[in-house]
Amino acid sequence: MNATPIVVTSHHLNLTGQNILTFVSWALTIILLAVTIEMGRRERSPFYVLIVLAAMAGAFAEALYDEAFSLYFYSTHGMQTFYTVFDVPQPVWTHSGYAILYALPAVLITYRIRRGLLTPRALYAWAGVEFGMSCVFEMTGINIGTYTYWGPHVLRVFHYPLVIGVLEAAQTICFAVAASQLRQRATSRWSLLGLFVLFPATFFGANFGAGSPVIIAIHAAHVSQVAVYLCTVLSIVFAVTLVRFAAAFVPGPESAGADGRAVPSGRHQASSSPRTMAARHPV
């Protein structure tokens with residue numbers, strides 16, 4: 001990996017910008033947690049709140065992403081940080097940022113899949129929504145002076161490499177669809193803890209898999225700008241293909257409707273076998 005330039009590591013951190021990201025993102029995260037707890041109470045399942053917690057826990061591996069995509073959080077005097085990995089300090093708003101940017105869309109997508117309200121074609125629209133959220137969030141963070149994507153990234157808008165937003169959209173879609181599949185097949189609430197493994201698997205699987213061409217290009221020695229452009233476009237194509245594959249796993253309205261039916265009455269459950277009861281129990 002290329003060493004982070006001194007001009008980047010010594011760049012002044014905008015403390016006002018840091019406060020904006022910290023307070024706004026954590027306030028929204030608290031609201032999101034409250035909403036998902038209520039959603040879980042109505043459905044008698046911790047599924048939605050676990051999506052949020054899994055995304056927040058996944059932020060502990062953010063440093064791996066930073067190294068791959070040449071992201072650096074400015075860390076001059078006054079930075080509020082939890083820990084430092086690979087010489088990249090992690091700000092306190094990383095975890096809340098994951099909740100808003102990744103978990104919020106995933107909650108909404110899985111909610112609609114559960115009720116049979118999401119078609120495979122509509123999943124592309126949700127990918128567009130996530131792409132837009134990524135652009136707004138990251139362009140804000142970059143341009144208020146809290147971090148940067150350094151290196152030979154191309155296709156930038158307001159200093160933000162657009163390929164990042166496309167990859168983030170693909171990974172969020174993959175996580176949401178995989179989470180829905182997990183819930184559909186889970187036989188107990190404990191199975192839903194698999195979300196804590198599923199999030200990093202889809203996060204790094206999409207970003208490091210579809211994003212591998214651009215990762216290699218921006219870190220290669222003596223690479224030409226044409227090569228970076230070609231690899232960036234290739235990663236975008238890979239990311240769109242991932243969304244296409246994920247759309248194939250969206251259950252039809254009949255399947256989702258059957259999965260979301262009300263729980264049978266206590267009398268009916270009592271007359272069923274333990275295995276039948278486990279299969280019918282809502283997760």
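As the structure is a computational prediction, the values presented were derived from the model and not from experiment.
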(request) Hey, could you give me the OG1/CD1 distance between T140 and I20, rounded to the nearest 0.5 Å? (result) 9.0 Å
(request) Could you give me the CA-CA distance, side-chain angles and deciding distance for V250 and T119, then say whether side chain to side chain contact (heavy atoms under 4.5 Å, CB included) is met? (result) CA-CA 7 Å; V250 175; T119 63; over 6 Å; no
(message) Measuring from atom CD1 of I51 to atom CE of M39, what distance do you get when rounded to the nearest 0.5 angstrom?
(response) 8.0 Å
(request) Would you kindly check if the NZ (Lys) or CZ (Arg) of R121 is within the cone defined by 45 degrees around the ring axis of Y124 and under 6.0 Å from the six-membered ring centre? (result) no
(message) Test of understanding: clusters of I, L, V, M, F, W, Y form through side-chain heavy atoms closer than 4.5 Å, transitively. Do I113 and L242 belong to the same one?
(response) no
(request) Identify whether I37 and L50 are in the same connected component of the hydrophobic contact network (ILVMFWY, side-chain heavy atoms under 4.5 Å). (result) yes
(request) Go through the steps for V223 and I218 under the test side chain to side chain contact (heavy atoms under 4.5 Å, CB included), then give the verdict. (result) CA-CA 8 Å; V223 65; I218 63 176; over 6 Å; no
(request) Start with the C-alpha gap between W126 and L118, add the side-chain angles, then the distance that decides, and say whether side chain to side chain contact (heavy atoms under 4.5 Å, CB included) holds. (result) CA-CA 10 Å; W126 278 101; L118 188 73; 3.4 Å; yes
(message) Tell me whether the count of non-hydrogen atoms from other residues, nucleotides or ligands lying under 6.0 Å of CG in D87 goes above 12.
(response) no
(request) Quick one: pull up OG1 in T9 and CH2 in W150 and give me the separation to the nearest 0.5 Å. (result) 10.0 Å
(message) Using the rule that Ile, Leu, Val, Met, Phe, Trp and Tyr join whenever any side-chain heavy atoms are under 4.5 Å apart, tell me whether Y147 and M139 fall into a single cluster.
(response) yes
(request) Take atom OH of Y111 as the centre, draw a 6.0 Å sphere, and report whether it contains more than 12 heavy atoms from other residues, nucleotides or ligands. (result) no
(request) Report yes or no: does T146 contribute a side-chain atom to a donor-acceptor pair with the main-chain N or O of G141 at less than 3.5 Å? (result) yes
(request) Taking the side chain as every heavy atom from C-beta outward, state whether L33 and L53 have any atom pair closer than 4.5 Å. (result) yes
(message) So Y102 and E130, do their side chains get closer than 4.5 Å, heavy atoms only?
(response) yes
(request) Look only at the side chain of H219 and the backbone of A68, and say whether a donor-acceptor pair between them is shorter than 3.5 Å. (result) yes
(message) For the CZ atom on F158, are there more than 12 heavy atoms of other groups (residues, nucleotides or ligands in this structure) within a distance under 6.0 Å?
(response) no
(request) Locate the shortest heavy-atom distance separating L192 from S45; write the atom from each residue and the value. (result) CD1-OG, 3.8 Å
(message) Taking the side chain as everything from C-beta on, heavy atoms only, tell me whether N207 gets closer than 4.5 Å to F69.
(response) yes
(request) Check the surroundings of atom CZ in F245: do more than 12 heavy atoms from other residues, nucleotides or ligands lie under 6.0 Å from it? (result) no
(message) Check the orientation of Y149 and Y160. Use parallel for under 30°, tilted for 30 to 60°, and perpendicular for over 60°.
(response) tilted
(message) Against Q80, only a single residue in L15, V92, L13 fulfils side-chain contact (heavy atoms from CB on, under 4.5 Å); can you say which?
(response) V92
(request) Decide whether F208 and V85 are clustered together by the hydrophobic rule: side chain heavy atoms of Ile, Leu, Val, Met, Phe, Trp, Tyr closer than 4.5 Å, transitively. (result) yes
(request) Show your reasoning for whether side chain to side chain contact (heavy atoms under 4.5 Å, CB included) applies to N143 and H159. (result) CA-CA 8 Å; N143 288 280; H159 310 293; 3.2 Å; yes
(message) Ring-plane angle category for F199 and F175, please: parallel below 30°, perpendicular beyond 60°, tilted otherwise.
(response) perpendicular
(request) Can you see which heavy atom on A239 is nearest to which on L167, and at what distance? (result) CB-CD2, 3.9 Å
(message) Test your reading of the model: is there a side-chain donor-acceptor pair from S70 to the backbone of G151, 3.5 Å cut-off?
(response) no
(request) Check whether any side-chain heavy atom of P120 sits under 4.5 Å from a side-chain heavy atom of L123, and report yes or no. (result) no
(request) Check for a donor-acceptor pair, side chain of T232 on one end and backbone N or O of V228 on the other, with a separation under 3.5 Å. (result) yes
(request) Locate the shortest heavy-atom distance separating I109 from A176; write the atom from each residue and the value. (result) CG2-CB, 3.7 Å
(request) Taking all non-hydrogen atoms of both residues into account, name the closest pair between V214 and S235 and its distance. (result) N-OG, 3.2 Å
(request) Kindly give the heavy-atom pair with the smallest separation between A206 and A170, and that separation in Å. (result) CB-C, 4.5 Å
(message) Is the distance between the ring centroids of H11 and Y72 under 6.0 Å?
(response) no
(request) Evaluate the side-chain proximity of P152 to Q225: yes if any heavy-atom separation is below 4.5 Å, no if none is. (result) no
(message) With rounding to the nearest 0.5 angstrom, report the OH to CZ distance, Y48 to R114.
(response) 6.5 Å
(request) Could you verify whether a donor N or O on one side chain and an acceptor N or O on the other, from S25 and S96, lie under 3.5 Å apart? (result) yes
(message) With a 3.5 Å distance limit and no angle check, can you tell me whether H153 reaches the backbone of V163 through a side-chain donor-acceptor pair?
(response) no
(request) Establish whether L162 and I215 are linked, either directly or via other cluster members, by ILVMFWY side-chain heavy-atom contacts under 4.5 Å. (result) yes
(request) Rounded to the nearest 0.5 Å, what's the gap from OG1 on T172 to CG on L101? Could you check? (result) 6.5 Å
(request) Specify the closest pair of heavy atoms between G194 and L182, including all atoms of both residues, with the distance to one decimal. (result) C-CD2, 4.1 Å
N/O donor to acceptor pairs below 3.5 angstrom from side-chain atoms of residues 54-66, sequence neighbours left out:
residue, atom, partner, partner atom, Å
E62, OE1, Y98, OH, 2.3
D66, OD2, Q90, NE2, 3.0

(request) Could you grab the distance from atom OG1 of T36 to atom CG of L104, nearest 0.5 Å is fine? (result) 10.0 Å
